[in-house]
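Just so we're on the same page: letters track the sequence lines, and every chain starts at 1. Because the structure is predicted, anything quoted here is derived from the model rather than measured.
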Amino acid sequence: MTDRIAKVVVDVPAQETNKIYDYLIPDQLLDGLVPGMRVVVPFGPRTIMGYVLAIHNHSERDNLKELANVLDVQPILTEELIELGKWLSEETMSYYISSFQAMLPQALKASYKKSLHRLAPIEQDALNTLFDGRDYIDALELLEHVSLRQINEAIKRGEAEWDYEVASKGKVKTIQMVKKVGTLDQFDQYLADLSRQSKKQFQLVDYFLGLEEAVPVKEVLEQNKTTKQTLSKLEIAGCITFFQGEVYRDPHQADRFTRSAPLPLKPQQKQALDKINQALTAIKNDVFLLHGVTGSGKTEVYLQAIDTVIRDGKQAIVLVPEISLTPMMVDRFKQRFGDAVAVMHSALSKGERFDEWRKVHRHEVSVVVGARSAIFAPFDRLGLIIIDEEHESSYKQEDHPRYHVREVAIKRGEYHQCPVVLGSATPNLETYARAKKGVFTLIDMPDRINDSVMPAVSIQDMREELHLGNRSMFSGALKEAIQARMDRKEQIVLFLNRRGYSTFVMCRDCGYVSECPNCDISLTYHQRHDQLKCHYCHHQEPMPKTCPTCESDSIRFFGTGTEKVEEALNQTFPEARVIRMDVDTTRKKGAHERLLKQFDNHQADILLGTQMIAKGLDFPKVTLVGVLAADGLLNLPDFRASERTFQLLTQVSGRAGRHDLLGEVIVQTYTPEHYSVELAQAYDYQAFFNQEMALRKAYQYPPYYFLTLITISHEQLLKTEEVARTVVKLLRKHLSDEAIILGPSPSPIERIKGRYRYQCMIKYKDEPNQKAVLKKIIEHYEPLKRKENLSIQIDLNPQQLM
DNA sequence: AGCACGCCGACT
DNA sequence: GTCGGCGTGCTC
């Protein structure tokens, strides 16, 4: 007997439905249905989408319903990805459906349409006339006009029924194509019948006789300067045929890339490549940490390792942080591997993303370069996974499933027995610790390939500047350095980790600070629109002219954002051309690229920006990098603050003097004696690692302890507190005595979007019970979750403690 | 998450 | 008496 039970995960993201359902496979679908396909299934009174995880020959239950339909011709998940999805759900405590959705492009999500289907004339006149010649009415439209009762009565009388339509969201783009189908005889016959005036027809016959493959109709018309009407004559004669052909929305279509050849390698690059190649030939799933300073030539090592992989007939995934997925980076891969590369990043439209994904799915490419989600590329012969800038926080997904791409990469590496390469100048502390322990293989690349030295970093103590009477945001040294670059026609990059104009607005008379009504956070002034904005819930309000409480007019801006720096730059250096780059100036599609190109063409002298300019940029004429306030990150309530500061300062310094001109870095700070500032100045990763590890050990943080962060939120403060307290109590009771449970305490931002937030943290070394306990707690609060909109979020190995 | 069922108060 | 509010339970 054939297997006819499909094991299905249904598209309902809820605790109670987070299980695998059994369906009977009807005869007509039996042929060709395989695991990994999307299906349409009846679920209660409606019809929804689901993923087939397996096909079995028996079920624990009887009275199974039948599958309604199949949405795919080919499976969209491989056996490996099905297992990976299940693992991901368990690992992150997410629903199965959420994991599978996260692994696939948006375009493969289901779209649902509910409508009323008229089967016979309806007694109820109002309802009947509403149909007005149609047989289906959309449910939303329907309910605007008639009551549910009337509809239900019609259904009961058998005059109508609900119809649930399930379709895939994304569309495959097609264009009209034409190809030759006629025989030579047919063409001859056609020519014989033509009148001598039909010049275009003769031309077209000629054209098609010399053509073997299909061509877009548009192209034929353009090339022959004719019209569809004329072309159709040949179709009627049976010489050619029209059809809809699939095409890719290719965002890089217009670009022609000159292919690049592998560059000669320096000894340290050769050594690194050799080690990776060894693992490639041995088919071993080693994890390498490529610790190489900025400019050490990591990318060329990646490129050449991938080359080996491709020549073996295998495939490679390259992950880069979203922010550094710049055209420059993409071009480098396109130049080396041409059409063998698919690119996936968030700047693509949903359709474009879908098409890049389909290239991978059909194995038309061997390399994917992309941001986080590209780790799920449906390759079947994976030979290598590379994660560049592995310390980047964007590799952790911050909503369900809360996965870290590094862990997924290692999992896939195990399955395919392929190496994973993590690259960084400032590795994540946990990664480096694993490398030192020998879990990962450490490869050092300490030298810059062009033998240039790292730029000198000088620290400016802003407290001293203040004592000297300098109340501006530029230290004397920075001001001088900027002026010098301006005089020499060189370029400058300035970095400030805060957008907007001011960080907060305060009344000098009464101390009033404008705060967001929904979030416990002060509002940021944005000069451009003269508005106060909340960066968390996007609330905005006009800037008050006088203090709302005491009506004094001494309401002032405090703190500094990029807008204010821009203004100050224009005042201090009136001749300087400044480009400001932050979320506010790059919101529009393509703005990011445009601004960078402008700067590259030296249409500006100063590039001023937030985090987004810290990575991957490489401009030959930049000889000065200024960090306006290194303390911005340092004072955040997060145990990783020092690490982030060190990483940021090092990354930013790497932007200066990468070429023949000597670079200089100036870091302004109020805490010059902080070790992450001092050691970044000395480019001493080792010392930083040692010092930070000692602190992590003393304060019981990763990598010495694992963390779990639980955030409870609710509209009422009291309820939030109460639940948080109970959660902690339950954890204390059910976890081992070795687990350290902190809290509950208000989250660093106690209220966001009108909801109070409390958190507690578990620090542990080995807690095999933890997930089961957490699951129990979640289940216990399930009713309250539905009834009062309570939310309990669990983040295993959190990267952000906010 | 929907959706049905069922129980209660507010109306013609 | 009927309409519609929402609390409860189920979905192979």
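Within the 4.0 angstrom heavy-atom criterion, only backbone atoms of the sugar-phosphate kind lie near A:Lys114; the bases stay farther away. Residue A:Tyr164 is classed as a sugar-phosphate contact, given heavy-atom separations below 4.0 Å to backbone atoms only.
Atoms CD and OH, on A:Glu16 and A:Tyr95 in that order, are 8.0 Å from each other to the nearest 0.5 Å. Here the straight-line distance linking atom SG of A:Cys760 with atom CD1 of A:Ile712 works out to 4.5 Å at 0.5 Å rounding.
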Open item on the list: Strictly under 4.0 angstrom, non-hydrogen atoms only: write out the protein contact profile of nucleotides 6-12 of chain C, one letter per nucleotide from the 5' end, B, S or -.
Closed with: ---BBBB
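Side-chain contact check for A:Asn797 and A:Arg402: no donor-acceptor pair (N or O, by modelled atom type) lies under 3.5 Å. A donor-acceptor contact closer than 3.5 angstrom is absent between the side chains of A:Ser349 and A:Arg249. Inspection of the A:Ser373 and A:Arg353 side chains reveals an N or O donor paired with an N or O acceptor under 3.5 Å.
Around atom CD of A:Glu715, no more than 12 heavy atoms belonging to other residues, nucleotides or ligands sit under 6.0 Å away.
When all heavy atoms of A:Lys785 and A:Leu790 are compared, the closest pair comes out as CG-O, 3.0 Å. Residues A:Phe131 and A:Leu116 share a closest heavy-atom pair of CE2-O, 3.7 Å.
In 5' to 3' order, the nucleotides of DNA chain B bounding all contacts with chain A (an atom under 4.0 Å from a heavy atom) are B:dA1 to B:dC3.
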